[in-house]
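Below, each value reflects all heavy atoms present in this structure, side chains not excepted, and no hydrogens, waters or symmetry copies. Ligands are counted one by one from 1 in listed order, and the atoms in each one are counted from 1 as well.
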Amino acid sequence: MQSSLPDPLGYNSHADGTIALEPSATVFHYAQGLFEGLKAYRDANGKITMFRPDMNMKRMNASAERVALPTFDGDAVIELMKQLIRLDKHWIPDQEGYSLYIRPTMIGTEAALGIHPPNAALLYVICSPVGPYYRHGFKPVALYGTTEYTRASPGGIGAYKLSANYAPGVMVQKEAAKKGYIQNLWLYGPEHHVTEVGTMNAFIVFKQADGVLEIVTPPLDGMILPGVTRDSVLALARDHASGKAPIEGMPEGKLVVTERPVTMKEVKKAAEEGRLVEFFGTGTAAVISPVDRIGYEGEDLHIPTGPDGMGVISRPIWKHLVGIQTGKIPHEWSVAVE
Ligand SMILES: *Cc1c(COP(=O)(O)O)cnc(C)c1O
């Protein structure tokens, strides 16, 4: 009989998958916890790949460092994730759009009431089969331009995937839902800078006066979570713009890609002048989430989307990125599991 009392590491794991922790484990009191999210895909030939897991390991180590949890060898954990996926591969549904969501997690397990770097921690990985985010075509979301609350602040923890970042957003999202919006558009500072869309990175497409299309996302200034999807969209858009790797279906004409601050004043003005081409969020779960309406200071800004819910830029980028993730388009970002 296995004892349910945690050992000196602060936890006991059981054969049924549960873990026993001391009630004083530091994760419970001081939010010494963090997580990651990535996906494994099965292609048409049954080959299984992960998408850019090195990026997640790098970010997980950065998160760990920020809350004084131990850092670790990211390559070694990628190897362990591969072994886990090989064991669990029958859980990846064999249908278009399905994948295995992988959730590496780290928690401080030391039984202690003092606030200090925990002497014990647990890194574990759980998986869950997930279906297509948009089962019946894209459904654009309405955002509530949130100025009453902040998600992140300079010198804070917004750039890290720490557990402490997420609980405070739940009630704020519920308030937005009560007003008829799906998600929060987190605005920061007196000039209402665009930061993130719920738990996704924000992208805006402006038509400049000379007709050039500009794809913009806020810079990694310490308040923005460095999304893997954000980085991938930027890289693909830049390679298209430079002619290095054209993306099928992108609009003709000049395109520029920039990381710069954007205020709601600029977004509103562009919307009024008919130059707001697109607004979308990026993240592992939905990949790209188009926005068709933003509630801001008592009025609604409307953003055009096509009949399929997508825009002229997000549609071809989404297709290309999902093509890479699902193995239809070969790319160095795909890491073979077996
Ligand atoms: C996870 C997350 C993202 C998206 O990151 P991906 O690596 O693209 O999944 C964006 N913003 C926040 C706040 C997040 O937690």
Side-chain angles (χ1 to χ4, degrees), residues 31 33-41 50-64 66-67 74 78 81 99-106 125-128 130 133 141 143 146 149-154 156-173 176 182-188 193-204 215-237 259 262 279-291 314 317-318 320-322 324-325 333-335:
L34 55 95
F35 65 96
E36 272 301 325
L38 66 158
K39 284 178 178 173
Y41 301 84
M50 280 190 277
F51 184 70
R52 308 189 76 184
D54 54 313
M55 295 281 284
N56 296 91
M57 294 299 99
K58 203 175 125 201
R59 189 169 68 190
M60 193 170 180
N61 266 310
S63 299
R66 184 65 181 80
V67 286
I78 290 175
M81 287 195 290
S99 56
L100 190 69
Y101 183 75
I102 307 161
R103 167 57 66 87
T105 309
M106 196 196 287
V125 182
I126 54 174
C127 299
S128 169
V130 286
Y133 208 81
V141 295
L143 303 179
T146 305
Y149 304 95
T150 49
R151 190 195 81 85
S153 55
I157 55 170
Y160 305 92
K161 240 174 159 62
L162 297 175
S163 309
N165 270 324
Y166 299 87
V170 176
M171 153 274 194
V172 181
Q173 190 271 333
I182 303 287
Q183 261 301 350
N184 300 96
L185 173 59
W186 296 102
L187 302 174
Y188 182 79
H193 278 95
V194 172
T195 64
E196 298 211 42
V197 175
T199 56
M200 298 207 234
N201 291 116
F203 277 82
I204 307 137
I215 305 180
V216 193
T217 193
L220 300 179
D221 59 359
M223 287 196 282
I224 305 294
L225 197 290
V228 179
T229 320
R230 174 190 181 277
D231 187 82
S232 306
V233 166
L234 279 175
L236 294 178
E259 290 170 80
V262 177
F279 203 112
F280 57 90
T282 65
T284 295
V287 186
I288 287 181
S289 192
V291 175
S314 58
I317 291 186
W318 175 82
H320 196 77
L321 183 50
V322 168
I324 293 171
Q325 290 171 334
W333 285 339
S334 293
V335 172

Taking the side chain as C-beta and beyond, is there a heavy-atom pair between M81 and P104 under 4.5 Å? yes
Paired with F51, the ring-ring contact (aromatic ring centres under 6.0 Å, His included) test is passed by just one of W333, Y41, Y101, namely W333
Would you please say whether a donor-acceptor pair under 3.5 Å links the side chains of R52 and S232? yes
D221 meets the salt bridge (Lys or Arg N to Asp or Glu O under 4.0 Å) criterion, sequence neighbours left out, with none
May I ask you to decide whether R230 forms a salt bridge with E259, counting only side-chain N to carboxylate O separations under 4.0 Å? yes
For ligand 1, which of its N or O atoms have a protein N or O partner closer than 3.5 Å, and how long is each gap?
{"unit_1": "ligand 1", "atom_1": "7 (O)", "unit_2": "R59", "atom_2": "NH1", "d": "2.9"}
{"unit_1": "ligand 1", "atom_1": "7 (O)", "unit_2": "R59", "atom_2": "NH2", "d": "3.2"}
{"unit_1": "ligand 1", "atom_1": "7 (O)", "unit_2": "V228", "atom_2": "N", "d": "2.8"}
{"unit_1": "ligand 1", "atom_1": "8 (O)", "unit_2": "V228", "atom_2": "N", "d": "3.3"}
{"unit_1": "ligand 1", "atom_1": "8 (O)", "unit_2": "T229", "atom_2": "N", "d": "2.9"}
{"unit_1": "ligand 1", "atom_1": "8 (O)", "unit_2": "T229", "atom_2": "OG1", "d": "2.6"}
{"unit_1": "ligand 1", "atom_1": "9 (O)", "unit_2": "T284", "atom_2": "N", "d": "2.9"}
{"unit_1": "ligand 1", "atom_1": "9 (O)", "unit_2": "T284", "atom_2": "OG1", "d": "2.6"}
{"unit_1": "ligand 1", "atom_1": "11 (N)", "unit_2": "E196", "atom_2": "OE1", "d": "2.5"}
{"unit_1": "ligand 1", "atom_1": "11 (N)", "unit_2": "T199", "atom_2": "O", "d": "3.3"}
{"unit_1": "ligand 1", "atom_1": "15 (O)", "unit_2": "K161", "atom_2": "NZ", "d": "2.7"}
{"unit_1": "ligand 1", "atom_1": "15 (O)", "unit_2": "Y166", "atom_2": "OH", "d": "2.5"}

Whether F280 and F203 hold their rings parallel, tilted or perpendicular, with breakpoints at 30° and 60°: parallel
